[in-house]
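A short write-up of the structure that comes next.
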Amino acid sequence: MLAVAEKIETERKIHAIETSELHKKNFGQYFTPYAIAEFMASLFPVSNDDLNILDPGTGIGILSCALLNRIKKENWNNPSIKLSAYDIDTEVLENLTQNLIEQKKNFTDFDFKIHNADFLEKTSFEYSFGKNEEFTHVIMNPPYKKILSKSSAREFCRYFGLETVNLYSAFMGAAIAQLKEKGYLVAIIPRSFCNGLYYKPFREFILKNCSIKQIHLFESRKDAFKDESVLQENIIILLQKGTSQRDVKISYSNGADFESLIEKYYDFREIVNPFDKEKYINIPLPSCLLSDDFFDCQFVSLKETGISVSTGAVVDFRAKSFIRKNPDENTVPLLYPVHFKNYRTNWPKESKKPNAILLTEETKTMIVPTGNYVTVKRFSTKEEKKRIVASLVSDGDINASNFAFENHLNVFHSDKKGIQKELAFGLIVWLNSTFLDNQFRKFSGHTQVNATDLRNLPFPSKEKLIELGKKLEKYDGWNQELFDSIARECLNEKSAAANF
């Protein structure tokens, strides 16, 4: 079995080096390192019943072979094992076939079938007529590729009762639909489905059909797939179909060695807030696994504070004819992310970005009155230490009666007007706190920060935000240490599992 594992891992590394990036992109194809495949296979509970295994997007058979190796090594005594392997890439079929033939030698009753076919197309057709197989186990590293709203893949998903935007969630939905009651699914997938509007139907589909048994978090997809040019942050998830939801095991490792494995059980309400209509999936960070510090205060929703958040109204390529490089007659200041530095407004600024927009009948709906606002960039770079960085626009920053925000900014406001000064200062403290940044990272593994994400975060009450703001007003030099110090002082930080 060791020889088989070494052979497969060698084949994977050759594929990673010799296969063109275009080929990988076209197929959404990134093979799983064998050490990760072994870990994924280890998550299934031991079974002595007949097994019917599904591996959609099989590649060269790494995941299937890891599971079969485990079954043989631990002597599960299964009287019968069937495997259905799907892959549309003809270039992998020879290696896949040989690897499964080698596995067949280890079992007295093992049969496999390789389908060189579109997994979604074939199984959706069979499912619609009730002719599909039912599987006891699914192990998968599905393709990662966006699908268009009018694509055939979207149509195939609808046969399974799912609307989704990416092949990985489409494959998972199809696999869940064909899983037997009490059957298990293990998948390694990007964690982008944990938040955001477009993946809400997929989150609801998972929660309706399955219980979440375990989630394993990698530091980044780059660490998990270090031989590939992959930047998405990945998780491994274990689901069981048709069973009641109980506590969820959260585990974490720096990379694919699993030597420094950390794990802890969490109440499901800490993973999916029962009052969250968006059904965000929150994954506690490694620091949360090792610590129990949180703020000893009651959190509320942003709506309960009387504050709103929206994306900036000016989409520059659509408003191009109205935008001006420098302020002039009949213009108002136009604020881009580049106009914010050290948590303050820096306008006008010499840069590639414009500084103004014409005030006309066509643009008046994009303009807001001068006041106190708080902005958060919608996009951060991977190198930035924090995902959420909030900056203040105050009454005295800009000498104008109106201004506008560009679409790459999230803007906190009060009914499209400015916010009470102390409240705006309090938002600066809270949004820039390390605690809140960690809360955001629980459900978001990418660098984009959407207004919906910000609405979904916990906030202190309006009164507490004002208290934070009054403290901050006493200081000129703002920094991370100051924000965290004020937050701890006013909100009584004690334990990391926030009572939100």
Side-chain angles (χ1 to χ4, degrees), residues 28 52-58 84-88 115 117-215 235-246 248 268 271-281 443 452:
N52 193 8
I53 302 167
L54 170 65
D55 185 351
T58 314
S84 295
Y86 283 81
D87 209 297
I88 60 173
H115 302 273
D118 184 314
F119 170 67
L120 290 178
E121 181 178 8
K122 183 178 184 298
T123 59
S124 64
F125 178 79
E126 294 169 346
Y127 187 83
S128 66
F129 288 98
K131 301 294 185 182
N132 62 288
E133 286 195 71
E134 284 193 318
F135 300 96
T136 60
H137 294 71
V138 179
I139 188 164
M140 62 194 303
N141 174 6
Y144 178 79
K145 190 177 182 182
K146 290 181 181 178
I147 51 178
L148 301 176
S149 57
K150 294 183 179 180
S151 66
S152 57
R154 280 284 187 101
E155 195 61 40
F156 298 146
C157 288
R158 294 181 184 121
Y159 285 102
F160 302 109
L162 176 64
E163 286 286 343
T164 193
V165 295
N166 201 293
L167 277 180
Y168 83 80
S169 49
F171 270 51
M172 269 194 72
I176 288 170
Q178 296 173 84
L179 195 61
K180 279 188 174 182
E181 289 295 301
K182 298 187 178 179
Y184 289 92
L185 179 149
V186 173
I188 182 165
I189 53 175
R191 64 177 292 186
S192 53
F193 78 95
C194 292
N195 68 306
L197 177 65
Y198 294 126
Y199 285 104
K200 182 180 179 181
F202 178 55
R203 292 193 295 274
E204 291 176 331
F205 185 88
I206 289 176
L207 297 173
K208 177 184 176 181
N209 290 287
C210 300
S211 61
I212 301 175
K213 312 298 285 185
Q214 182 171 346
I215 298 174
I235 64 168
I236 294 170
I237 190 165
L238 169 65
L239 304 175
Q240 186 178 23
K241 187 170 180 177
T243 53
S244 300
Q245 182 65 62
R246 297 185 178 178
V248 180
F268 181 67
I271 308 302
V272 179
N273 187 329
F275 302 106
D276 176 19
K277 294 180 181 178
E278 300 301 320
K279 303 299 180 186
Y280 278 19
I281 296 176
F443 60 72
T452 304

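All values derive from a computational prediction rather than experimental measurement. Numbers for residues simply follow the sequence, beginning at 1. Only this structure's heavy atoms are used, side chains among them; waters, hydrogens and symmetry mates stay out.
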Locate the shortest heavy-atom distance separating K279 from P274; write the atom from each residue and the value. NZ-O, 4.4 Å
Over 12 non-hydrogen atoms of neighbours within 6.0 angstrom of CZ in R246: no
Donor-acceptor contact present, side-chain Q178 to main-chain A174, <3.5 Å: yes
State the CG-CD1 distance between L54 and I139, to the nearest 0.5 angstrom. 10.5 Å
So do I281 and Y199 actually touch side chain to side chain, heavy atoms under 4.5 Å? no
Less than 4.5 Å apart, any side-chain heavy atom of Y280 and any of R203? yes
OH (Y198) with more than 12 external heavy atoms under 6.0 Å: no
Which heavy atom of S192 sits nearest to which heavy atom of Y168, and what is that distance? OG-OH, 2.7 Å
Using every non-hydrogen atom in the two residues, find where K241 and K180 come nearest and quote the distance to one decimal. CB-O, 3.7 Å
My understanding is that only one of V186, I215, I189 makes a side-chain contact (heavy atoms from CB on, under 4.5 Å) with I236; could you say which? V186
A side-chain contact here means heavy atoms from C-beta on lying under 4.5 Å apart; do P142 and N166 qualify? no
Stepwise ring-ring contact (aromatic ring centres under 6.0 Å, His included) check, F202 with F193: CA-CA 7 Å; F202 178 55; F193 78 95; 5.6 Å; yes
Do T123 and Y86 get their side chains close enough for a donor-acceptor pair, meaning under 3.5 Å? no
How far apart are the closest heavy atoms of D118 and L120, and which atoms are they? OD1-N, 2.9 Å
Hey, does C210 have a side-chain heavy atom less than 4.5 Å from the side chain of I176? yes
Would a 4.5 Å heavy-atom cut-off, applied to side chains only, mark R154 and V165 as touching? yes
For K213 against L239, the heavy-atom pair lying closest together: CG-C, 4.3 Å
